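Each remark here refers to the structure printed beneath this line.
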Amino acid sequence: MEGGIGWSYKENQPGKGLEDTGLSLPINHHGNLKSASSDHDLTDIFQKIRSSKTSAVINYGASWCRVCNQILPAFCQLSNSFPKLSFIYADIDECPETTQHIRYTPTFHFYRDGERVDEMFGAGEERLHDRLWLHS
């Protein structure tokens, strides 16, 4: 899989959406869109980001958050435009231990060379696109 990490967690594959979100999401053509469904999953993702030094973006959201639900489809669509970035969605209610530092949803963390290099609070498809372009 080009530009991504071979995670086996809930992947958005052709014909399937991210089941945890309750939304019908677009198809991801590059295999670079994942969902962490537990603290264990998210811990593994952090370890793989650090060890592989893959560029990644983590979208921290919540199913009850209206703004999160509005930006999530755009986040998924943007994963098709940036195939070298790994896109991860983490619901703060499903990963309570590993997301206790998240105080605002949605929050986006950007990683390069295994380190967190940027953070974005709130939604805004154009802002998100610009940040993704900057970090791709």
Side-chain angles (χ1 to χ4, degrees):
M1 149 176 37
E2 179 184 275
I5 299 174
W7 294 317
S8 60
Y9 309 118
K10 295 181 195 264
E11 297 186 22
N12 190 13
Q13 300 170 352
K16 296 182 180 178
L18 294 175
E19 296 82 8
D20 298 338
T21 63
L23 298 174
S24 177
L25 301 175
I27 293 171
N28 175 261
H29 301 289
H30 304 288
N32 61 334
L33 177 62
K34 314 283 184 257
S35 175
S37 60
S38 69
D39 285 313
H40 178 75
D41 286 353
L42 194 52
T43 299
D44 284 350
I45 287 169
F46 287 138
Q47 290 174 346
K48 288 179 180 170
I49 287 172
R50 282 191 291 274
S51 66
S52 70
K53 301 195 183 281
T54 297
S55 293
V57 56
I58 301 178
N59 174 359
Y60 296 97
S63 59
W64 45 263
C65 172
R66 180 184 56 80
V67 177
C68 298
N69 289 324
Q70 288 173 339
I71 194 66
L72 187 57
F75 178 78
C76 296
Q77 286 175 332
L78 286 166
S79 71
N80 288 311
S81 300
F82 296 93
K84 293 184 179 181
L85 278 174
S86 293
F87 285 68
I88 300 98
Y89 175 75
D91 188 302
I92 62 169
D93 294 324
E94 293 177 3
C95 309
E97 295 298 316
T98 50
T99 62
Q100 40 185 319
H101 63 285
I102 300 299
R103 298 287 176 236
Y104 185 83
T105 57
T107 293
F108 298 88
H109 285 173
F110 300 85
Y111 292 83
R112 186 182 307 135
D113 296 326
E115 300 294 326
R116 190 171 93 196
V117 294
D118 199 3
E119 180 174 60
M120 182 179 117
F121 301 107
E125 190 173 342
E126 190 172 323
R127 270 186 346 131
L128 180 57
H129 177 275
D130 291 349
R131 285 279 175 80
L132 292 168
W133 179 84
L134 180 66
H135 296 295
S136 64

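Bear in mind the structure is a predicted one, so any value in this text is a computation, not a measurement.
In this structure, CG on D44 lies 8.0 Å from OG on S38, to the nearest 0.5 angstrom. Put simply, CD on Q70 and SG on C65 are 8.5 Å apart, with the number rounded to the nearest 0.5 Å. Here the straight-line distance linking atom OG1 of T99 with atom CD of E94 works out to 10.0 Å at 0.5 Å rounding. The line from CG of L33 to CG of N80 is 8.0 Å long, rounded to the nearest 0.5 Å. Rounding to the nearest 0.5 Å gives a distance of 6.5 Å between OG of S55 and CG of D113.
Partners of D130 under the salt bridge (Lys or Arg N to Asp or Glu O under 4.0 Å) rule, at least two apart in sequence or in another chain, do not exist in this structure. In this structure, the side-chain contact (heavy atoms from CB on, under 4.5 Å) partners of R127, at least two apart in sequence or on a different chain, are M120. Taking the side-chain contact (heavy atoms from CB on, under 4.5 Å) definition, one finds that E97 meets it with D39, Q100, sequence neighbours left out.
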Candidate pair T54 and K48, rule side-chain contact (heavy atoms from CB on, under 4.5 Å), full reasoning = CA-CA 8 Å; T54 297; K48 288 179 180 170; over 6 Å; no
Stepwise side-chain contact (heavy atoms from CB on, under 4.5 Å) check, N59 with I88 = CA-CA 6 Å; N59 174 359; I88 300 98; over 6 Å; no
task = Let me see the working for V57 and S86 under side-chain contact (heavy atoms from CB on, under 4.5 Å), right down to the final yes or no.
result = CA-CA 6 Å; V57 56; S86 293; over 6 Å; no
ask   = Checking side-chain contact (heavy atoms from CB on, under 4.5 Å) for the pair L42/Y60: CA distance, chi angles, key distance, verdict?
value = CA-CA 11 Å; L42 194 52; Y60 296 97; 4.1 Å; yes
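Side-chain atoms of F110 and L132, non-hydrogen and from C-beta on, do get closer than 4.5 Å to each other. With a 4.5 Å cut-off on side-chain heavy atoms, I71 and F108 count as touching.
Annotation: F87 is in aromatic contact with F75 [ring centroid separation under 6.0 Å]. Aromatic rings from H129 and F82 are positioned such that their centres are separated by under 6.0 Å.
Both I49 and I102 are part of a single hydrophobic cluster, where members link through side-chain heavy atoms under 4.5 Å apart. Linking ILVMFWY residues whenever their side-chain heavy atoms come closer than 4.5 Å, directly or via other members, places W133 and L128 in the same cluster.
Using cut-offs of 30° and 60° for the angle between ring planes, the Y111 and F46 rings count as tilted.
With 3.5 Å as the limit, one finds no donor-acceptor pair spanning the side chains of N69 and W64. Residues H109 and D118 bring no donor and acceptor atom of their side chains to less than 3.5 Å of each other.
Surrounding CD of E115 are at most 12 heavy atoms belonging to other residues, nucleotides or ligands under 6.0 Å away.
Of all non-hydrogen atoms in A56 and L85, the two that sit nearest each other are N-CD2, 3.9 Å. The minimum heavy-atom distance linking S37 with C95 is given by the pair C-SG, 4.4 Å. In terms of heavy atoms, L134 sits closest to R112 at O-NH2, 3.6 Å. Taking every heavy atom of both residues into account, C68 and G61 meet most closely at SG-CA, 3.6 Å.
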